[in-house]
Amino acid sequence: MADTLAALRSLMSSHSPPLHALIIPSEDYHQSEYVSARDKRRAFVSGFTGSAGLALITMDEALLWTDGRYFLQATQQLSDQWKLMRMGEDPPVDIWMANVTIPLLVLNLPKDAAIGVDTWCVSVDTAQKWECAFAKKQQKLVQTTRNLVDEVWKNRLPAQANPVIVHPLQFAGQSVADKLKELRRKLVLGKARAIIITALDEVAWLYNVRGSDVSYCPVVHAFAIVTIDSAFFYVDKQKLSPEANSYMEENGIIVRDYGDVSSDVVLLASNQLTSCSSTKGSKGNPKIDVRNATYIGNTASHAIEFVNDLIWVDPGACCFALYSKLSADKVLLQQSPLALAKALKNPVEIEGLKKAHYRDGAAVVQYHVWLDKKMQEIYGASGYFMEAESTKQKKQLGTKRLTEVSVSDKLEEFRASKEHFRGLSFPTTSSVGSNAAIIHYKPEAETCAELDPDCIYLFDSGAQYLDGTTDITRTIHFGKPSPHEKSSYTAVLKGHITLGNARFPNGTNGQALDILARIPLWKDGLDYRHGTGHGIGSYLNVHEGPHNISFRPSARDVPLQVSMAVTDEPGYYEDGNFGIRIENVLIVKEGNTKFNFGNKGYLSFEHITWSKRKQDILCPFPFAPYQRKLIDVSLLVPEEIEWLNEYHAKCREILTPYLNTSEMEWLKKATEPIAA
């Protein structure tokens, strides 16, 4: 680590101009949350492996900014050469650079400091924010001539030519032609003649393709440019099979080399990027002069009126390097229209999401059954149902111990047996005792803990299926939970139920709803440092925007809308002791309310209607039980008990076809009705 910092500082000194500081973001060229192994530059430099964070290296210091999900993890992973900067508590990076260090009373950086960054790895809005802040102190953001981390990363993995896979219409639910048609309609409404698409999941969704370039995310390293009459796909051509090439041609998509996006954006800026300038013999749409065109009628060929000549760029997703090649006065800086379109699931995607979670729920129940049996056999645990101290029996000679990694591997094995399984959707958080207090804990085989029947066990996991992406968290105990653990779990559960049962007017955003999950915790002076819910993709990224449920200001940007999927995952974490989180997935739908004040229309979350019942019971998925012995029933109100009983009844109904006799008997016991 010291050698890496020294090598970087040497390159900073020799750079033209010399750099006083170097910013190393977590993101790749597409501003991805999860990046490929060869793009984990910040992790390589700092040793901190969390998915969110930013490193800053000066000639004297090395600092790492991250959010509350990772405070504990960062303190464990950073060496003494690094200083942890806690987002929300310490000054942001741009403010820190212009500040004075107390009590030394010296500037952190000189007033004329040159601050370097690879602008392929930073978004437009972030770069512009930094430029504005730096300018106030005569500091300057410098686009480095090359990525300096790559220069010192000698064993960096080479790029791989993983195949591009066509995602069948039976799972996508909407054709490429229809998606392009709707996108072009939005371009014209925005007075734009083209859009540069950089987010990997947006490119994959638009062209109905998937890949394996990023672990856990079925995406392809690719860019796209769409104009009124042409569609371009920038990818390593080695990734395209003859079948994939034919698919692109049939859909009028012009394939270009991945690196050509830079020069093609220059052509686009001067209105010289056409299907003819890129390829011959394309079966794309006929050429239209879109400099002054308006979209009228059913196809782009009906365009005729005069409008502005803008290029649409998403400031939060597009890298500053590409944006810098455009004329600022000819750019529409606005969130990509594909972000919302992708989040609004079509009927096929919704049905696939449900079915994927049904199968996934069955795998989770099978995991519960297996783990319950093993904990009793190996450790003398009282088990999932009984509430007693373990006997702490010694493992028999040759008995394989259960570790956080070995049991999570077993969970993956159960999932892999299910139809349409394609892999995990993120690294499984399998955490026992104090490790469960690390919000995004990732166990490693060499250092992970052994399971302990007298400690809480938390697992947050999910899978990628062809018909949907799953995400579920359960917290369980195989011994005797303490009264504090039970009351804390119950407070989290109450918040989980309250949010899932919410009804709210159209236009309500996730920040307004976030408080519902926290109120039961706040009553006891408890809280958690992460958002309460995120969108989820359709065989795409497990974290999907543009909506979310959170205390953060970004949750105000996009209101929840019908057919959005969002998680419901409150928690509570005590450093050094335990962690609790409960998570299901919800789908937003029209709400059934007695009145309709202001004619706004009301929304609720996906509910399942029992045909023999007189009323709808709000019920999320996936279906996996909540552990009865962790619940302090005296803290629940009758409506919450009724909800739990109905949810557990639905677990039995939905999961029966997926379980064998012994597994079904276990589930029946786990979902027995709770007496009010």
Side-chain angles (χ1 to χ4, degrees), residues 1 34 37 40 43-44 46-53 66 69-79 215-216 363-364 366-381 384 390 392-416 423-463 471-479 481 485 530 542 571-581 583 627:
M1 193 67 66
Y34 294 109
K40 294 181 178 180
F44 165 73
S46 68
F48 167 66
T49 60
S51 64
T66 193
R69 296 172 297 170
Y70 296 109
F71 288 171
L72 185 54
Q73 179 179 337
T75 59
Q76 295 176 350
Q77 292 185 330
L78 292 176
S79 72
S215 297
Y216 311 105
V364 171
Q366 290 171 325
Y367 178 58
H368 274 88
V369 176
W370 173 84
L371 190 55
D372 184 18
K373 181 180 179 181
K374 289 297 181 182
M375 290 298 292
Q376 293 181 63
E377 289 178 349
I378 298 175
Y379 298 101
Y384 187 90
S390 68
K392 289 285 188 181
Q393 68 183 38
K394 292 183 178 180
K395 298 186 292 294
Q396 297 178 0
L397 186 64
T399 301
K400 188 175 181 180
R401 70 191 185 110
L402 300 180
T403 69
E404 293 167 329
V405 168
S406 68
V407 297
S408 68
D409 288 345
K410 188 65 178 182
L411 174 56
E412 182 176 359
E413 183 181 316
F414 284 120
R415 285 191 163 111
L424 300 182
S425 55
F426 58 96
T428 298
T429 295
S430 174
S431 52
V432 63
S434 60
N435 288 341
I438 304 173
I439 297 171
H440 278 194
Y441 173 75
K442 180 185 176 184
E444 301 290 346
E446 300 78 15
T447 58
C448 68
E450 185 172 2
L451 264 63
D452 186 333
D454 293 324
C455 292
I456 272 180
Y457 173 64
L458 181 157
F459 65 99
D460 183 350
S461 62
D471 190 2
I472 179 175
T473 306
R474 288 295 184 266
T475 302
I476 52 182
H477 201 301
F478 292 102
E485 289 172 333
H530 58 75
V542 71
Y572 173 64
Y573 313 88
E574 279 192 9
D575 291 355
N577 291 322
F578 64 85
I580 295 166
R581 185 162 65 253
E583 177 184 19
Q627 190 176 26

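Values below: all heavy atoms of this structure, side chains included; hydrogens, waters and symmetry mates excluded.
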Taking atom OG of S46 and atom NZ of K40, what is their separation to the nearest 0.5 Å?
12.0 Å

Closest approach of A436 and S431, non-hydrogen atoms and distance?
CA-OG, 3.3 Å

Should the heavy atoms of other residues, nucleotides or ligands under 6.0 Å from NZ of K373 be counted, would the total exceed 12?
no

Spacing of OG belonging to S434 relative to CD1 belonging to I456, to within rounding of 0.5 Å:
12.0 Å

Can H368 and F459 be said to form a ring pair (Phe, Tyr, Trp, His ring centres under 6.0 Å), step by step?
CA-CA 11 Å; H368 274 88; F459 65 99; 5.6 Å; yes

Atom pair OG (S406) and NZ (K410), whose distance is rounded to the nearest 0.5 Å:
10.5 Å

Say whether S430 and Y457, considering side chains only, have a donor N or O and an acceptor N or O under 3.5 Å apart.
yes

Identify the heavy atoms of A437 and G576 that sit nearest to each other, and give their distance.
CB-N, 4.4 Å

Check for a donor-acceptor pair, side chain of T475 on one end and backbone N or O of L458 on the other, with a separation under 3.5 Å.
no

Name the one of Q77, E444, K442, H440 that satisfies side chain to side chain donor-acceptor pair (under 3.5 Å) with T49?
Q77

Measure the CG-OG1 distance between L78 and T66 for me, rounded to the nearest 0.5 Å.
9.0 Å

Any side-chain heavy atom of S215 within less than 4.5 Å of one from Y34?
no

Note, I439 side chain near Y70 side chain (heavy atom, < 4.5 Å)
no

Tightest non-hydrogen contact, residues P427 and Y216, listed as CG-CE1, 3.5 Å

side-chain contact (heavy atoms from CB on, under 4.5 Å) with V405: which of D409, V407, L402?
D409

Are L371 and L411 close enough that some pair of their side-chain heavy atoms sits under 4.5 Å apart?
no

Side chain proximity check, I438 to Q76, heavy atoms < 4.5 angstrom:
yes

Rounded at 0.5 Å granularity, tell me how far CD in E413 sits from CH2 in W370.
8.5 Å

Any chance the side chains of T428 and E404 put a donor and an acceptor closer than 3.5 Å?
no

What pairs with Y573 under ring-ring contact (aromatic ring centres under 6.0 Å, His included), at least two apart in sequence or on another chain?
H530

Does any non-hydrogen side-chain atom of F578 lie less than 4.5 Å from one of C455?
no

When every non-hydrogen atom of G479 is compared with those of P481, the smallest separation belongs to O-CD, 3.4 Å

Could you verify whether a donor N or O on one side chain and an acceptor N or O on the other, from S461 and R415, lie under 3.5 Å apart?
yes

Do D460 and Y441 make a side-chain contact, defined as non-hydrogen atoms from C-beta onward lying under 4.5 Å apart?
no

Does one side chain, of Y379 or E450, offer a donor that lies under 3.5 Å from an acceptor on the other?
yes

Measure the spacing between CD of Q627 and CZ of F478 and express it to the nearest 0.5 Å.
7.0 Å

